[in-house]
There are 2 protein chains.
Amino acid sequence: MLTSEIAMAPGIVRLPKSTFREHIAERLRAVILSGEVPPGAPIVETALARQFEVSRGPLREALRQLIEEGLLVTVPYTGTHVISLSVEDVREIHSMRVTLECFAFEQAWDKRDATFRAELQRRHAALVATIDAGDDRASILAELELHGLVYEVCGHRLLQRTWNSLRGRLQLYWAAHHRAHSIRGPKRDGHESYVETALGDDLNAMRAEIAAHMQRGGQQTETFLKGMAQPSTDPSKRG
Amino acid sequence: MLTSEIAMAPGIVRLPKSTFREHIAERLRAVILSGEVPPGAPIVETALARQFEVSRGPLREALRQLIEEGLLVTVPYTGTHVISLSVEDVREIHSMRVTLECFAFEQAWDKRDATFRAELQRRHAALVATIDAGDDRASILAELELHGLVYEVCGHRLLQRTWNSLRGRLQLYWAAHHRAHSIRGPKRDGHESYVETALGDDLNAMRAEIAAHMQRGGQQTETFLKGMAQPSTDPSKRG
DNA sequence: GTCGCTCTGATTGTCAACAATCGACAATCA
DNA sequence: TGATTGTCGATTGTTGACAATCAGAGCGAC
């Protein structure tokens with residue numbers, strides 16, 4: 001779904017104005033989030049500019065965008081590289097997910113119409129399909145799609161924006177996680193009760209379900225990360 | 001507190017590496033958040049470049065940074081301008097504040113040592129002082145400082161990062177708000193119970209206090225915004 | 001009067017060259 | 001031998017010029 005398409009009339013959409021910066025940012029984000037360019041990998045402007053067949057101007061702007069999104073880190077006059085998340089970073093991602101997703105369900109609780117229910121089950125089925133097929137990369141995307149539904153439905157743009165930012169880090173972590181040990185594949189789905197509760201009538205139960213769900217995921221990855229403690233390269237500063 | 005200063009030896013600190021981009025982003029953010037450049041105002045690259053005495057390259061990167069922070073909006077080949085928040089945007093900011101600040105207090109609840117208590121009271125006193133002095137601009141900063149303490153203490157870098165982003169929008173709104181009608185000045189402080197509860201022992205009471213506090217602020221501004229419904233120029237898309 | 005067209009000035013997007021800085025290696029000296 | 005300093009290649013930061021695009025003014029046809 002292209003969010004940059006602006007509806008003007010039935011069947012008519014304004015084509016998004018294209019700049020090199022946008023295309024580069026999009027493609028670069030894709031290869032980073034897919035894990036093709038692993039965490040910690042250096043990003044060299046001149047090489048990338050040659051590869052994308054553009055000059056360094058628009059490339060640098062694309063990099064600046066990804067830096068602000070929290071996917072890259074740069075040191076002036078020295079270099080740029082893909083962030084590598086520490087154990088603590090991952091822990092923070094999980095706790096933040098609980099908070100945001102509970103808030104999203106609170107906002108969306110009264111908006112769960114028939115369309116929502118059907119879409120939720122459709123996405124769950126899609127996730128199960130990718131897991132059964134053993135397609136790790138697709139299952140990552142499917143799981144993000146499933147959890148993303150409530151943010152789309154709740155109608156809170158600022159919340160969705162925040163989730164988008166968090167989703168990037170989560171996806172980055174999952175991709176690296178899978179890349180390193182591929183422990184996602186064999187595991188069972190674990191979203192049955194999530195979907196069931198989301199379709200039920202108990203908001204408090206949903207809050208508990210989210211916390212439990214994230215904690216399961218957190219513990220699974222916690223054991224994996226033990227021992228390979230790498231320093232966080234995530235800048236806690238603002239600019 | 002300059003976080004970029006790194007202690008090396010007594011009296012010796014590493015000077016922060018400076019680039020034009022950083023300085024411009026800093027100064028431009030300051031004038032936007034102070035309200036000197038009001039919401040909706042156009043940002044012309046060539047004019048700004050002349051003003052800052054740099055070329056358009058680093059200036060564009062600074063703009064890109066502020067765009068990603070959500071302070072500016074740009075349309076390719078057309079122009080850039082300061083965002084203007086709609087009524088709905090402000091409503092979202094307030095609801096998000098409740099969620100984040102409750103989460104922050106949950107994380108920080110067991111870390112409220114003597115230093116925290118003293119600092120909280122110090123910042124509250126500073127806020128009261130600015131209000132008594134009738135200094136609207138200073139009182140905005142003081143209130144942000146007061147609410148920011150819990151984020152600093154909770155030790156959750158991702159949460160603090162999220163708060164920083166939200167704070168920018170809040171500050172922008174407050175500045176424009178004050179600029180338009182200056183209704184902040186005469187009003188009483190209203191943080192007594194907030195501080196009192198934050199120093200108490202009831203986390204649930206704190207949650208309720210936060211919700212009530214934000215709702216008060218929300219209602220105050222709600223009436224002000226009624227009727228001057230301006231369309232949101234905040235891009236809900238990602239990048 | 002209104003619609004559509006062209007032209008124009010302004011603004012942004014892109015490029016290639018140049019300058020500043022850094023990290024690493026080699027040379028030098030106590 | 002160890003530490004310090006000079007040098008060099010690589011990389012990023014910056015610049016000014018040029019190209020692409022847009023919004024609106026002006027004008028003519030209907």
Side-chain angles (χ1 to χ4, degrees), chain A residues 4-6 8-9 12-28 37 40-68 71-83 231 233 235 237 239, chain B residues 4-6 8-9 12-28 37 40-68 71-83 231 233 235 237 239:
Chain A
S4 50
E5 288 179 356
I6 303 171
M8 300 173 71
I12 308 292
V13 294
R14 176 188 297 187
L15 292 178
K17 303 168 188 173
S18 67
T19 62
F20 286 168
R21 193 211 81 242
E22 289 176 289
H23 286 140
I24 294 171
E26 218 165 296
R27 290 180 56 185
L28 200 52
V37 180
I43 302 289
V44 180
E45 294 179 3
T46 50
L48 265 187
R50 256 200 312 277
Q51 191 172 328
F52 283 124
E53 294 181 313
V54 294
S55 74
R56 283 175 53 221
L59 181 91
R60 280 173 63 89
E61 292 186 24
L63 292 184
R64 175 58 44 194
Q65 183 171 340
L66 296 185
I67 289 167
E68 292 301 314
L71 262 43
L72 298 179
V73 179
T74 187
V75 180
Y77 290 106
T78 303
T80 305
H81 55 271
V82 181
I83 66 161
T233 57
K237 60 166 186 159
Chain B
S4 50
E5 286 181 357
I6 302 171
M8 299 172 70
I12 307 292
V13 295
R14 175 189 296 188
L15 295 176
K17 301 171 186 174
S18 66
T19 62
F20 286 169
R21 193 211 81 243
E22 289 176 290
H23 286 140
I24 294 173
E26 219 164 296
R27 289 181 56 185
L28 201 51
V37 180
I43 303 288
V44 180
E45 295 179 2
T46 51
L48 265 186
R50 257 200 312 278
Q51 192 172 329
F52 284 124
E53 295 182 313
V54 294
S55 72
R56 284 175 53 222
L59 181 91
R60 281 172 62 88
E61 293 187 24
L63 291 185
R64 175 59 44 194
Q65 184 171 337
L66 297 185
I67 289 167
E68 293 300 315
L71 262 45
L72 299 179
V73 179
T74 187
V75 180
Y77 290 108
T78 302
T80 304
H81 54 271
V82 181
I83 66 162
T233 57
K237 59 169 188 156

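Residue numbering restarts at 1 for every chain, and letters A, B, ... go by the order of the sequence lines. Here the structure is a predicted model, which means the values were calculated and not measured.
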- Encode nucleotides 12-18 of chain C as B, S and - characters from 5' to 3', where the letter depends on protein heavy atoms closer than 4.0 Å: B to the base, S only to sugar-phosphate, - to neither. BBBB---
What closest approach, in Å, do [X] and [Y] show between heavy atoms, and which atom pair accounts for it?
X: Glu22(B); Y: Pro76(A); answer: OE1-CG, 4.4 Å
X: His81(B); Y: Gly40(B); answer: CB-O, 3.8 Å
X: Phe20(B); Y: Pro58(B); answer: CB-CB, 4.0 Å
X: Ala25(A); Y: Leu66(A); answer: O-CD2, 4.0 Å

For the pair made of [atom1] in [X] and [atom2] in [N], what is the distance, rounded to whole Å?
X: Arg50(B); N: dG16(D); atom1: CZ; atom2: C1'; answer: 14 Å
X: Ile67(A); N: dG13(D); atom1: CD1; atom2: C1'; answer: 13 Å
X: Glu22(B); N: dG13(D); atom1: CD; atom2: P; answer: 9 Å

Please tabulate, one pair per line, each protein N/O and nucleotide N/O from nucleotides 6-10 of chain C that are separated by under 3.5 Å, including the distance.
none

- With Ile67(B) via side chain to side chain contact (heavy atoms under 4.5 Å, CB included) - residues at least two apart: Arg64(B), Leu72(B), Thr74(B)
- Message: List the residues meeting salt bridge (charged side-chain N to carboxylate O under 4.0 Å, His left out) with Glu45(B), not counting sequence neighbours, and say none if there are none.
- Response: Arg56(B), Arg60(B)
- For DNA chain C, the expected dot-bracket line (Watson-Crick or G-U under 3.5 Å, [ ] crossing, | inter-strand) is ||||||||||||||||||||||||||||||
- Evaluation steps, side chain to side chain contact (heavy atoms under 4.5 Å, CB included), between Leu63(B) and Leu28(B): CA-CA 9 Å; Leu63(B) 291 185; Leu28(B) 201 51; 3.6 Å; yes
